[in-house]
Amino acid sequence: MGIQLEKKQKIHRMVHKACLFDLDGVLVDTAIYHFQAWKNLGKNFDYELSEEQNEELKGVSRVASLDRILFWANKEASQAEKNAWLIEKNENYLALISHMNPSEILPGVLDFLKQVKELGYLIALGSASKNAEIILQKTGLISWFDAIIDGNHVQKSKPDPEVFLKGAEALKVSPEACIVFEDASAGVEAAKRAGMKAIGIGDPIVLEEADKVIPSFSGVQAVNLLLF
Ligand code: B16
Ligand code: MG
């Protein structure tokens, strides 16, 4: 290892810092399963969700996602109907994710988590999903996390900063010392509103509010990426 790199790593280790990861689209690609489940649900009211619309649902809670879809479909629904559809969508989604395994961890993620741990960062999950823990268990990712904050722990969904502020609080790290990894513009906005750094994973045009954007974790050197 070069002297420069060793020096950078020492500086990183001395400070109490955290990396907060979104789940869907950052660590695993469950967006495809959400898309499938919402498309199946749309058959109830003859509506076909497009890929562009699915992009807008990333990071958005289940209840808010249904409201948006009904708005796009110009479909009025009673609360009872909505509740039944939320259950139907989730049952469908749970069936789709029931076969998930470690092979579905996105490229470069495990190596990146290892590097981050070695640099002394604490690691938390900040996901809107109420199914986050099942996914972390099925993929074997759960052991990397010092704290898990998901849709079951928050009142307000992204772009509200609550999920990330709760993550920082659970780790006892100040928000300014937190770096958030997000694939959704609502999530990047939540991170910025929490006073945190945001690294976008994906398209720089979609994630224009992020401090940095990378296409994926593949081949990423944490020691370089995390220096601001
Ligand atoms: P669930 P993230 C989000 O997870 C998804 O991106 C979003 O599409 C989904 O509607 C939301 O979780 C709720 O998920 O129905 O499982 O509670 O990207 O914040 O990890
Ligand atoms: Mg996401």
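- From E133, atom CD reaches atom CG of D150 across 6.5 Å, with rounding to the nearest 0.5 Å.
- Nearest heavy atom pair, residue M196 against residue L165, reads CE-N, 4.1 Å.
- Using a 4.5 Å heavy-atom threshold, the side chains of N101 and T139 count as separate.
- At a threshold of 4.5 Å between non-hydrogen side-chain atoms, the residues L41 and Y47 do not count as touching.
- Side-chain contact between L226 and V116 is present, with at least one heavy-atom pair separated by less than 4.5 Å.
- Between atom NZ of residue K58 and atom OG of residue S65 there is a gap of 12.5 Å, rounded to the nearest 0.5 Å.
- Note: K197 NZ to F181 CZ = 12.0 Å, rounded to the nearest 0.5 Å.
- Linking ILVMFWY side-chain heavy atoms closer than 4.5 Å, directly or via other members, places I135 and V163 in two distinct hydrophobic clusters.
- In this structure a side-chain-to-backbone donor-acceptor pair under 3.5 Å is present from K138 to S98.
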Please walk me through it: do F217 and L106 pass side chain to side chain contact (heavy atoms under 4.5 Å, CB included)? CA-CA 8 Å; F217 286 111; L106 287 170; over 6 Å; no

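- Linking ILVMFWY residues whenever their side-chain heavy atoms come closer than 4.5 Å, directly or via other members, leaves I179 and L207 in distinct clusters.
- When hydrophobic clusters are built by joining Ile, Leu, Val, Met, Phe, Trp and Tyr residues whose side-chain heavy atoms come closer than 4.5 Å, directly or via intermediates, V206 is not grouped with V26.
- Within a 6.0 Å sphere centred on CG of N74, other residues, nucleotides and ligands contribute 12 heavy atoms or fewer.
- A centroid separation of 6.0 Å or more is found between the aromatic rings of W38 and Y93.
- Put simply, the side chain of K82 reaches to within 4.5 Å of the side chain of L66, judged on heavy atoms.
- Contact annotation: the side chain of L113 approaches that of V109 to within less than 4.5 Å [non-hydrogen atoms, C-beta and beyond].
- A cation-pi arrangement is found for K212 relative to F228, the charged atom lying closer than 6.0 Å to the ring centre and inside a 45° cone about the ring normal.
- With a 6.0 Å cutoff to the six-membered ring centre and a 45° limit on the axis angle, K39 counts as a cation-pi contact of F35.
- For K158 and E182, the salt-bridge test passes: some basic side-chain N is under 4.0 Å from an acidic carboxylate O.
- By the 4.0 Å N-to-carboxylate-O rule, K172 lies too far from E169 to be salt-bridged with it.
- Note: the hydrophobic cluster containing L125 also contains L110 (ILVMFWY, side chain heavy atoms under 4.5 Å, direct or indirect links).
- Judged purely by atom type and a 3.5 angstrom limit, R68 uses its side chain to pair as donor or acceptor with the backbone of E56.
- Put simply, the residue from I199, L141, I123 that forms a side chain to side chain contact (heavy atoms under 4.5 Å, CB included) with F21 is I123.
- Across P175 and A194, no two heavy atoms sit closer than the pair CB-O, 3.2 Å.
- Within the model, atoms NE2 of H16 and OH of Y121 stand 12.5 Å from one another, a figure rounded to the nearest 0.5 Å.
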Give the C-alpha distance, both sets of side-chain angles, the deciding distance and a yes or no for salt bridge (Lys or Arg N to Asp or Glu O under 4.0 Å) between K192 and D211. CA-CA 9 Å; K192 298 312 294 175; D211 296 287; 2.8 Å; yes

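- Taking CG of D183 as the start and CG of L27 as the end, the distance is 9.5 Å to the nearest 0.5 Å.
- A donor atom on one side chain and an acceptor atom on the other are found under 3.5 Å apart for Y33 and E104.
- Summarising the geometry of A147 relative to L171, their closest heavy-atom pair is CB-CD2, 3.7 Å, with the distance given to 0.1 Å.
- Nearest heavy atoms, K117 versus W144: NZ-O, 2.9 Å.
- Under a 3.5 Å cut-off, the side chain of R62 and the backbone N or O of N90 do not form any donor-acceptor pair.
- Across every non-hydrogen atom of H153 and K166, the tightest pair is O-NZ, 3.0 Å.
- For the residue pair N92 and A37, the shortest heavy atom distance occurs at OD1-CA, 3.3 Å.
- L23 has its side chain within reach of L136: a pair of non-hydrogen atoms, C-beta onward, lies under 4.5 Å apart.
- For the pair S185/E209, no side-chain contact is recorded, criterion being any heavy-atom separation below 4.5 Å from C-beta on.
- In terms of hydrophobic clustering, with Ile, Leu, Val, Met, Phe, Trp and Tyr side chains grouped at heavy-atom distances under 4.5 Å, V63 and L94 are assigned to different clusters.
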